[in-house]
Amino acid sequence: MEFFCYHRDRPGSLELRHELLEEHWSYMDRYAAEMIARGPTLDDDGDAPTGSVHIVDLPDSAAARTFAFGEPGYQAGVYRDVMLRRWRNLLGRTMWEFPGGDTEGNRYLVLGLGAGQAADLEVPSQQHELIAYGPLLSDDGASWLGTAALVRAPDPDTARAVLTPDRYADIEVHRWQFGGRS
């Protein structure tokens, strides 16, 4: 089962986040084989982290909760909240298989929070700019709750356009970069 996990930083936690970076990476190293995508969201200038995105393939919801809430930054109070949802990998690849590489262009997390009937269940036509893409689902996988995408785009508005605007209660766009050890 695939899961989307987004830890959002608590204001004022940057120093603690930096102190725990090696612990965070060591924790994530334990999940390297299950990782589909990972990396921090960043402030508008791209200078400071604002959260952490991890998309992982785990056996079940209990394993996903262990992954999300056992993370050292979460345990130490770095994050204000955690979004953990079932996810479906419509591209069928990891971020490391993205043909655009890990450094060229601007990268964004586009998070559409569902409202009503499911939307964007097919891969958009600009597939060559998608790093990861899929629906956010309920714990049992039966209900659509939104869509999450990692996108290479020239600007936030272009990234946002990957989702159908009037089909969501809200669409968030966050700067994002490939994560992991250098």
Side-chain angles (χ1 to χ4, degrees), residues 1-9 17 24-25 28-29 31-58 64 67-68 71 73 79 81-114 118-137 144-165 167-182:
M1 290 181 190
E2 297 157 334
F3 294 88
F4 173 87
C5 182
Y6 184 25
H7 292 87
R8 295 176 195 253
D9 286 14
R17 180 189 243 275
H24 168 79
W25 282 347
M28 292 303 157
D29 287 347
Y31 293 93
E34 292 85 4
M35 202 66 66
I36 295 167
R38 67 184 285 187
T41 54
L42 305 166
D43 64 12
D44 290 338
D45 296 327
D47 296 330
T50 60
S52 262
V53 173
H54 297 91
I55 303 174
V56 291
D57 189 354
L58 297 168
F67 169 81
E71 194 276 335
Y79 307 115
D81 60 56
V82 178
M83 174 187 283
L84 180 62
R85 297 285 186 267
R86 290 269 306 268
W87 188 74
R88 188 172 306 121
N89 186 355
L90 294 183
L91 298 178
R93 66 174 186 230
T94 71
M95 72 179 204
W96 297 276
E97 297 166 309
F98 172 59
D102 62 355
T103 56
E104 278 187 36
N106 298 321
R107 313 303 171 102
Y108 299 94
L109 163 64
V110 181
L111 192 55
L113 305 176
D120 298 320
L121 296 176
E122 301 293 323
V123 177
S125 60
Q126 62 269 45
Q127 178 175 348
H128 64 284
E129 296 299 328
L130 296 174
I131 299 162
Y133 185 88
L136 299 167
L137 305 167
W144 175 84
L145 303 174
T147 305
L150 298 173
V151 181
R152 179 174 66 180
D155 54 64
D157 289 336
T158 304
R160 178 185 306 273
V162 76
L163 299 183
T164 308
R167 299 300 301 277
Y168 295 89
D170 188 26
I171 297 176
E172 301 176 12
V173 179
H174 305 272
R175 289 179 68 101
W176 175 82
Q177 69 183 24
F178 277 58
R181 296 183 188 274
S182 302

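Looking only at distances, no side-chain donor or acceptor of Asp9 sits under 3.5 Å from a matching main-chain atom of Tyr79. Put simply, the side chain of Arg167 gets close to the backbone of Ala118: a donor and an acceptor are under 3.5 Å apart. No side-chain donor-acceptor contact under 3.5 Å links Arg93 to the backbone of Leu90. A donor-acceptor contact shorter than 3.5 Å is absent between the side chain of Trp144 and the backbone of Pro135. Although no hydrogens or angles enter the test, the distance criterion places no donor-acceptor pair under 3.5 Å between the side chain of Asp157 and the main chain of Ala161.
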Step-by-step side-chain contact (heavy atoms from CB on, under 4.5 Å) determination, Met95 to Val53: CA-CA 12 Å; Met95 72 179 204; Val53 173; over 6 Å; no
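Across every non-hydrogen atom of Thr164 and Ile171, the tightest pair is O-CD1, 4.3 Å. In terms of heavy-atom proximity, Leu136 sits nearest to Ala148 at CD2-CB, 3.9 Å. Summarising the geometry of Thr147 relative to Ala119, their closest heavy-atom pair is OG1-O, 3.7 Å, with the distance given to 0.1 Å. For the residue pair Val82 and Ala68, the shortest heavy atom distance occurs at CG1-CB, 4.2 Å. Residue Ala64 comes nearest to Leu58 through the heavy atom pair CA-CD1, 3.6 Å, listed as atom of the first residue, atom of the second, then distance. Residues Ala153 and Ala159 approach most closely at CB-N, 3.7 Å, considering heavy atoms.
Residues Ile55 and Phe3 fail the side-chain proximity criterion, which asks for heavy atoms closer than 4.5 Å. Counting heavy atoms from C-beta on, the side chains of Ser52 and Arg17 come closer than 4.5 Å. Using a 4.5 Å heavy-atom cutoff, the side chains of Leu91 and Phe98 are not in contact. Using a 4.5 Å heavy-atom threshold, the side chains of Asp29 and Arg181 count as touching. A 4.5 Å side-chain heavy-atom check between Val151 and Tyr133 finds every atom pair outside the cut-off. Side-chain contact check for Leu130 versus Pro124: some heavy-atom pair is nearer than 4.5 Å. Between Arg85 and Leu145, some side-chain heavy-atom pair lies under the 4.5 Å cut-off.
Ring-plane geometry between His7 and His54 is classed as perpendicular, the angle between the planes exceeding 60 degrees on a 0 to 90 degree scale with a lower cut at 30. Using the six-membered ring where Trp is involved, Phe67 and Tyr31 have ring planes that are perpendicular, over 60° apart on the 30 and 60° scheme.
The line from OG1 of Thr94 to CD1 of Ile131 is 11.0 Å long, rounded to the nearest 0.5 Å. To the nearest 0.5 Å, atom NE2 of residue His174 and atom OH of residue Tyr108 are 12.5 Å apart. Here the CH2-CG distance, from Trp176 to Asn106, works out to 12.5 Å after rounding to the nearest 0.5 Å. To the nearest 0.5 Å, atom CD of residue Glu129 and atom CZ of residue Arg107 are 8.5 Å apart. The structure places CE of Met28 at 5.5 Å from CE of Met35, a figure rounded to the nearest 0.5 Å. Here CD of Glu172 is found 11.5 Å from CG of Leu163. Values are rounded to the nearest 0.5 Å.
Within a 6.0 Å radius of CD in Glu97, other residues, nucleotides and ligands contribute more than 12 heavy atoms. By the neighbour-count criterion of 12 heavy atoms within 6.0 Å, atom CG of Asp45 is densely surrounded, having more than that number from other residues, nucleotides or ligands.
Checked against salt bridge (charged side-chain N to carboxylate O under 4.0 Å, His left out), Glu34 has no partners two or more places apart in sequence or in another chain. For Asp43, there are no side chain to side chain donor-acceptor pair (under 3.5 Å) partners at least two apart in sequence or on another chain.
The only member of Val56, Leu111, Ile36, Asn89 that meets side chain to side chain contact (heavy atoms under 4.5 Å, CB included) when paired with Phe4 is Leu111.
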